[in-house]
Amino acid sequence: MQFAHYNSRKIYLEMQREKHISCQAICIRPLTVDDGIAFKALRIAAIVDSPIAVSSTAEEEASRTPAEIQARIEQTAHQVVFGAFVDTRLVAMAGLRREAFVQMSHKATLWGVFVQPELRKEGVARELLMRVVEHARKMGVLQIHLSVNVENHRAKNLYDSLGFETFGLEPRSMRVVGRFYDELLMCLRLDQ
């Protein structure tokens, strides 16, 4: 019996080590225009995986031109899209768009958060969002806003754990295949 416990513990420790190595092998960086094709493919994958979590349809996303994709991912003073890569494969993303008007420039919106299903529960989303928050601080952003489908409990729990607070509810925010979905409005204050 003691031998079985030892083997189970050894296997568990090896799995934890492999999981740690796999997390270390993930590179998180801002996307560039060279990542346009991978970004578009991942957006379509996100819609297919979770159509109630993305505001555009797969058809709308597929019809975007290379120039439109470039405008969405090109890093500027007001926006950035971070990607998580395993080797050269884009496996996760999160965008941040800062308000352009001076009187609203203390705010930014987190959008497009998605992690490929096989990498969920590996800490990729948390690490990605921590990089986004770090970037927002460097930009001088004082609060980050987001909206999340009320039925997306996994995402809501992640945002809660990072300090986001719910401040409202938008009823019937999205209509997917004839069904309405509400979205929670959340905010993370970076100056407190």
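What you see below is based on every heavy atom in this structure, not just the backbone, and it leaves out hydrogens, waters and symmetry mates.
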TODO: Verify, without hydrogens or angle tests, whether R172 (side chain) and Y181 (backbone) share a donor-acceptor contact under 3.5 angstrom.
DONE: no
Task: 4.5 Å side-chain heavy-atom contact, V141 and H106 - done: no
Open item on the list: Do S56 and R64 have side chains that approach each other closer than 4.5 Å (heavy atoms only, starting at C-beta)?
Closed with: yes
Open item on the list: Counting only heavy atoms from other residues, nucleotides and ligands, does the tally under 6.0 Å from CZ of R189 exceed 12?
Closed with: no
Task: Stepwise side chain to side chain donor-acceptor pair (under 3.5 Å) test for H145 and Q143 - done: CA-CA 7 Å; H145 290 238; Q143 57 194 54; 2.8 Å; yes
TODO: Could you identify which residues cluster with V54, counting Ile, Leu, Val, Met, Phe, Trp and Tyr as linked when any side-chain heavy atoms lie under 4.5 Å apart, either directly or through a chain of such contacts?
DONE: I47
Open item on the list: Could you check whether any side-chain heavy atom of K156 comes within less than 4.5 Å of a side-chain heavy atom of N152, counting everything from C-beta outward?
Closed with: no
- [ ] Enter the distance from M139:CE to L96:CG here, rounded to the nearest 0.5 Å.
- [x] 5.5 Å
Task: Partner set under ring-ring contact (aromatic ring centres under 6.0 Å, His included) for H135, not counting sequence neighbours - done: F82
- [ ] In plain terms, say whether R29 and D35 are close enough for a salt bridge, that is, a side-chain N and a carboxylate O under 4.0 Å apart.
- [x] yes
- [ ] Please report the shortest heavy-atom distance between I28 and A84, naming the atom on each side.
- [x] CG1-CB, 4.0 Å
- [ ] Answer yes when E127 and R131 have at least one side-chain N-carboxylate O distance shorter than 4.0 Å, and no when they do not.
- [x] no
Open item on the list: With a 4.0 Å cut-off on N to O distance, would you call R72 and E61 a salt bridge?
Closed with: yes
Open item on the list: Please check if the number of heavy atoms outside Q103 that lie under 6.0 Å from its CD is greater than 12.
Closed with: no
TODO: Measure from the side-chain N and O atoms of R98 to the backbone N and O of A108, and report whether any donor-acceptor pair falls under 3.5 Å.
DONE: no
Open item on the list: Can a donor-acceptor pair be found, under 3.5 Å and without considering hydrogens, that links the side chain of S50 to the backbone of I52?
Closed with: no
TODO: Following the transitive rule for hydrophobic clusters with a side-chain heavy-atom cut-off under 4.5 Å over Ile, Leu, Val, Met, Phe, Trp and Tyr, establish whether I26 and L90 coincide in one cluster.
DONE: no
TODO: Take R179 and E151 through the test salt bridge (Lys or Arg N to Asp or Glu O under 4.0 Å) and record every step on the way to the result.
DONE: CA-CA 13 Å; R179 181 175 170 210; E151 296 184 15; 2.5 Å; yes
Open item on the list: For D87, I'd like to know if atom CG has over 12 heavy atoms of other residues, nucleotides or ligands within 6.0 Å.
Closed with: no
Task: Closest contact, heavy atoms only, F164 versus I144 - done: CE2-O, 3.6 Å
Open item on the list: Tell me whether L119 shares a hydrophobic cluster with L129, the cluster being built from Ile, Leu, Val, Met, Phe, Trp, Tyr side chains joined at under 4.5 Å.
Closed with: yes
TODO: Using the rule that two of Ile, Leu, Val, Met, Phe, Trp, Tyr join whenever any of their side-chain heavy atoms come within less than 4.5 Å, decide whether V176 and V148 are in one cluster.
DONE: no
Open item on the list: Around atom CG of L169, are there more than 12 heavy atoms from other residues, nucleotides or ligands closer than 6.0 Å?
Closed with: yes
- [ ] Grab the two heavy atoms, one from S55 and one from E60, that are nearest each other, plus how far apart they are.
- [x] O-OE1, 4.4 Å
Open item on the list: Heavy-atom count check: over 12 atoms from other residues, nucleotides or ligands less than 6.0 Å from F101 CZ?
Closed with: no
Open item on the list: If the test is side chain to side chain contact (heavy atoms under 4.5 Å, CB included), which one of T32, V33, V81, V80 qualifies with Q75?
Closed with: V80
- [ ] Would you give the length of the straight line joining atom CG of L146 to atom CH2 of W111, rounded to the nearest 0.5 angstrom?
- [x] 14.0 Å
Task: In one Ile/Leu/Val/Met/Phe/Trp/Tyr side-chain cluster, 4.5 Å: V86, F39 - done: no
Open item on the list: Distance check, rounded to the nearest 0.5 Å: L184 atom CG versus E170 atom CD?
Closed with: 10.5 Å
TODO: Please determine if E68 and R43 form a salt bridge, counting it only when a charged side-chain N lies under 4.0 Å from a carboxylate O.
DONE: no
Open item on the list: Which heavy atom of M130 sits nearest to which heavy atom of L162, and what is that distance?
Closed with: CG-CD2, 4.2 Å
TODO: Might you point out which heavy atoms bring L110 and A94 nearest each other, and give the distance in Å?
DONE: CD1-CB, 4.3 Å
- [ ] With rounding to the nearest 0.5 Å, note down the distance linking CG in L188 to CG in D160.
- [x] 11.0 Å
Task: ILVMFWY cluster, F114 and Y159 together (side-chain gap under 4.5 Å) - done: no
Open item on the list: Can you tell me if E165 has over 12 outside heavy atoms packed within less than 6.0 Å of its CD?
Closed with: no
Open item on the list: If I take atom CZ from residue R137 and atom CG from residue L190, how far apart are they, to the nearest 0.5 angstrom?
Closed with: 4.5 Å
- [ ] Identify the heavy atoms of L158 and R126 that sit nearest to each other, and give their distance.
- [x] CD1-NH2, 3.7 Å
TODO: Report yes if the side chains of Q116 and L42 come closer than 4.5 Å at any heavy-atom pair, otherwise no.
DONE: yes
- [ ] Compare all side-chain heavy atoms of S173 with those of D182 and state whether any distance is below 4.5 angstrom.
- [x] no
